[in-house]
Structure formats: C-alpha cells, structure tokens
Colleague: 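Have a look at the structure that comes next, please.
Order of listing sets the numbers, starting from 1, for every ligand and every atom in it. Nothing here was measured: the structure is a model prediction, and the numbers come from that model.
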Amino acid sequence: MKILVIGGGGREHAIIKKLKENPDVTQVYAMPGNGGISWDATCLAGSPTDGDAAVGYAQAQGIDFAVVSPDDPLVQGVADRLRAAGIPTFGPSAQAAAIEGSKVFSKELMKTYGIPTAEYEVFDKAAAAAAYIERQNQYPVVIKADGLALGKGVIIAQNLSEAHDALKRIMGDKIFGDSGNRVVVEAFLTGVEVTVLAFTDSKTIVPLVSSMDHKRAFDNDEGPNTGGMGVIAPNPWYTPAIAAECMVRIFRPTIEAMNREGRPFKGCLYFGLMLTDTGPKVIEYNCRLGDPEAQAVLPLLESDLLTILQAVEDERLDTINVRFRPGASCCVILAAGGYPGSYKTGMPITRLYREPAAGVYVFHAGTALKNGVLLTSGGRVLGVTACGADLEEAIQKAYDETAMIHFDGMYMRRDIGQKGIRNKYGGI
Ligand code: AMP
Ligand code: GLY
C-alpha cells in the first residue's frame, strides 16, 4: 500500500513511523514532510493546505490511503477534496473540523447539548466584550479568538487592563486576522489538564491512552506558552473512574451532538480537559491528534495504526480491538534557543545518525536536510520519546537519549513528568 501523509511536524513523523510497522505499507509519501521525515518517507513539496497539490500527488503516485493530519488543511477541507477524488482518507470533513476551526461553534455545541465546559459569552465588538469583563470583575479571564490562530489564540488576562490589551490586539490590530472577528470570553478553570485523543467513526468512540502536555517554556510551568515542551502518557491523574465519567458526560455526548448537527465526525477528536472540583470540563476540542501528545501516545499503541485509520474511514471501528502496551512514555521536546519567541534556524544537528535503542524514538519536528547535513528549521526541532515499564523509567530513558543530541542554542525543559511522579494515582 502507498500512503500519503499531509503535514510535516513531529506528530506526522510519529504517525509515519507507526504506519511503517505494517508490512503491507510499501511506501509512504509526506507533503511536505521535513529533513528527518525524508529518512522514512518520500517528501513532496507543497503546502499542507494545498488541496489541488494533495489530489494531484495522490493520483500521480497511485496513493491507496491518505492521512490529513494538521488542523489547517482539515478546516480548509483537504480531506473532503481527497475523498471527492476517490482516495480513501483519514481525517474529518471541513464541516466536522469546525469543532476546532470555530471556538464559537464548539462552545455553542457544548451549551446546546449540556457538555460541561467553562461559562462564556461571545462578542463581535471589543467594547461590548470589555464592558462584560468589567461587569463580571472575575480574574483571570480567558479571551479566545474564534478561528485558528496557530495555537496562540488564547489569552489569559490577569486584570482589566490586560483584557483591554488582548481585545485590542485580537479585534483591533487583528494579530490573528479574521480569526479575531469574534471572541469567546470565558471563565478561568483551575485543576489538572488532561489530553484524551479518541478515534471515532461517528458511531464508536475509542479513547487512546491519556496524556499530559507541558505547555510553558520553562521548568516549573514558568515562562510563555508554547506549542508544547513535553508529554507524559498516561496522565497519572486520569483514573478509570474519571475516564468512565468522561465517556458518559463528554465523549459520547460530543459524538452524538455532532451527528445531530449533521456534521458526523470521523477521525481523531482531541479532548483538552480540565479536571475541576466540580468534575471534568472541556477546555478545547481539536479535530486531530495533538502535537506533541501523539509523539508520546502512538509509541504506546500496540495495535496496527493503519488498520484503525481504515476502520474509522469505513465506519467499522466497532470491529477493531485497539490495544496499548503496559507502562508509560515520556516525550521531551528539544527546542531552538529563543522559542517560542524569535530563534535562529540552520544550526547543524550532531550525533543523531545512530539508531536509538528499542522503545526510544527521535521524531523530527523542525529539521531540514541540506547537502546531507541535518539542520534545524523550526522552533521545536526534535521530540525524543521513550517508553518504559513505568513513568520513572520512561523519563530516564528519554533524557538519556537527549544527551546524545546537540545543536547550538538547544534547550529543553528538565522537569517533564516530575509532577506526574509526585502523583500516586494510576492513570489510564
Ligand atoms: P488552547 O489554545 O485552546 O489549547 O488553550 C491554551 C491553553 O490555555 C490551554 O491548554 C489551557 O492551559 C489554557 N486555557 C484555555 N482555556 C482555559 C480556561 N477556560 N481556563 C483555564 N485555562 C484555560
Ligand atoms: N498540544 C496541543 C495541541 O496539539 O493542540
């Protein structure tokens, strides 16, 4: 089988490596892929949102199955384009991807169908939003741009002046373009954050092992928000009892709500949850696997990934047994100095050509190959994942592997998973 994967980050590298475990997979293409991905797949030039290019390549290469991985192409309908061209594809329709593409849509969905989430109001005028925030007088307050904003569309304002500033930047200066035409203003939730990725064919829903992202740039959850600096799986706080409650109160109701709205969701639904004093609540939905969460979760998947993705597309997920390996995993992101602010690219990466030990993976997020030399090409450069019998072992093995890798300015958090070790629940 020939597979086309749309995207070019660490998550896509993890997907590609997993797909290649299936002996029927003879060739994988990535559009655009990246330097490290080119060791595992044939990289095709093009933007992930270019539906014409995706269909053109798929037809030219005789692709048997396509995977549309990132949010932008999904929201822009690239999966629909591939399906319309007769190519079996994993990834939700644009209609269903609106669950991530519009925060207003997702909040209204949750309100309509009674799915627990933070209280909120929607505004299309900054002045009205500011007046509401002033009246509520509850801080911190969370301000979210309606549309996609490269993962940066959420601002947590600590006081009225920060809220004014956020509204001005989103709605006045349009730092996220049209994504800021409307905003959601919502209550700040406190608790432990959990990510649950779930495969669904719109009838059956299969949650994968839970995980915990580490979004802040520096140790002890300090510094600016990033796309994610590391992940552990499972999330030690996500107990079987909480998982059962989420299935009844959040996962199933979400799938049913999307069906009732005429937007059946087929793909991977990302539940960003906050475990609050009053139960689990949805912080956000995404229409895809998380990045870096996928880099920690997929290595724990024992079942064949391609079989699952095909079952999702064919709406027979109920016939598949999805199994996970026991133990835990830890993914540590190696970032370029300065990230998430400005950073240099083009630094040579050394000591990477050695095959990592069994159960250890080096996923490439922002790398490029130039004349055979591997260079950095992004803020998040590599994701180093290790699986272990328990969390302590996974963390140790992941950090041991990071010691083998070097590029100028390389930095990582040193405390990925430490909070998890201090928590003694057994997560699933
Ligand atoms: P998002 O871009 O939607 O992933 O949000 C980024 C991060 O902002 C989340 O992972 C949370 O840590 C935080 N966040 C978003 N909404 C809320 C909320 N209502 N209460 C507390 N934290 C939030
Ligand atoms: N790690 C957060 C996300 O994938 O959106």
Colleague: Establish, yes or no, whether a centroid distance under 6.0 Å links the rings of Phe65 and Phe90.
Modeller: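 That pair fails the under 6.0 Å test.
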Colleague: Does the distance from a Lys or Arg side-chain N to an Asp or Glu carboxylate O, for Glu256 and Arg252, drop under 4.0 Å?
Modeller: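 Yes.
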Colleague: Given Glu193, Lys144, Glu284, which has its nearest heavy atom closest to atom 9 (C) of ligand 1?
Modeller: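 Among Glu193, Lys144, Glu284, the closest heavy atom to atom 9 (C) of ligand 1 belongs to Glu193.
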Colleague: Are side-chain N/O atoms of Gln295 and Tyr361 paired as donor and acceptor at under 3.5 Å?
Modeller: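 Per modelled atom types, Gln295 and Tyr361 side chains form no pair under 3.5 Å.
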Colleague: Do we get Arg169 above Phe176's six-membered ring, with its NZ or CZ under 6.0 Å from the centre and within 45° of the axis?
Modeller: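 Cation-pi check for Arg169 and Phe176: fails.
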Colleague: Below a 4.0 angstrom heavy-atom separation, can you tell me which part of Thr195, side chain or backbone, both or neither, approaches ligand 2?
Modeller: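 No part of Thr195 is near ligand 2 at this cut-off.
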Colleague: Just distances here: any N/O of Val142 and N/O of ligand 1 closer than 3.5 Å?
Modeller: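 In fact, backbone or side chain, Val142 has no N or O that close.
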Colleague: Please report which non-hydrogen protein atom sits nearest to atom 2 (C) of ligand 2, along with the residue it belongs to and the distance in Å to one decimal place.
Modeller: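 Ranked first by proximity to atom 2 (C) of ligand 2 is Tyr270 OH, 3.4 Å.
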Colleague: Counting both backbone and side chain atoms, is some N or O of Ala187 under 3.5 Å from an N or O of ligand 1?
Modeller: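 There is such a contact, yes.
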Colleague: Just heavy atoms, cut-off under 4.0 Å: does Lys103 contact ligand 1 by side chain, backbone, both, or neither?
Modeller: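 It is the side chain that touches ligand 1; the backbone stays farther off.
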Colleague: Answer with yes or no whether Pro140 contacts ligand 1, where contact means a heavy atom under 4.0 Å from a ligand atom.
Modeller: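 Judged by the 4.0 Å heavy-atom criterion, Pro140 does not count as contacting ligand 1.
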Colleague: What's the verdict on side-chain hydrogen bond (donor to acceptor under 3.5 Å, both in side chains) for Glu12 and Ser69, showing C-alpha distance, side-chain angles and the deciding distance?
Modeller: CA-CA 7 Å; Glu12 288 73 34; Ser69 174; 2.5 Å; yes
Colleague: Taking both backbone and side-chain atoms of Arg11, is any N or O found less than 3.5 Å from an N or O belonging to ligand 2?
Modeller: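 N/O-N/O distance below 3.5 Å does not exist for this pair.
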Colleague: For ligand 1, which atoms have a heavy atom of Lys215 less than 4.0 angstrom away?
Modeller: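 It comes down to these atoms of ligand 1: 10 (O).
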Colleague: Applying a 4.0 Å heavy-atom criterion (strictly less than), which segment of Ile283 is in contact with ligand 1: side chain, backbone, both, or neither?
Modeller: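 Under 4.0 Å from ligand 1, Ile283 contributes side-chain atoms alone.
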Colleague: Tell me the protein heavy atom at minimum distance from atom 5 (O) of ligand 2, and give that distance in Å.
Modeller: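 Nearest neighbour among protein heavy atoms for atom 5 (O) of ligand 2, to 0.1 Å: Arg288 NH2, 2.9 Å.
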Colleague: Kindly confirm or rule out a cation-pi arrangement of Lys344 over Tyr339, judged by NZ or CZ under 6.0 Å from the six-membered ring centre and within 45° of its axis?
Modeller: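 No, cation not above the ring by the 6.0 Å, 45° rule.
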Colleague: Quick one: does Lys215 get an N or O within less than 3.5 Å of an N or O on ligand 2?
Modeller: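 No, Lys215 has no N/O under 3.5 Å of an N/O on ligand 2.
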Colleague: Any N or O on Glu284 sitting closer than 3.5 Å to an N or O of ligand 2?
Modeller: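 No - when backbone and side-chain N and O of Glu284 are compared with those of ligand 2, no distance drops under 3.5 Å.
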Colleague: Show the atoms of ligand 1 that are less than 4.0 angstrom away from any heavy atom in Glu186.
Modeller: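 Heavy-atom distances to Glu186 below 4.0 Å select 16 (N), 17 (C), 18 (C), 19 (N).
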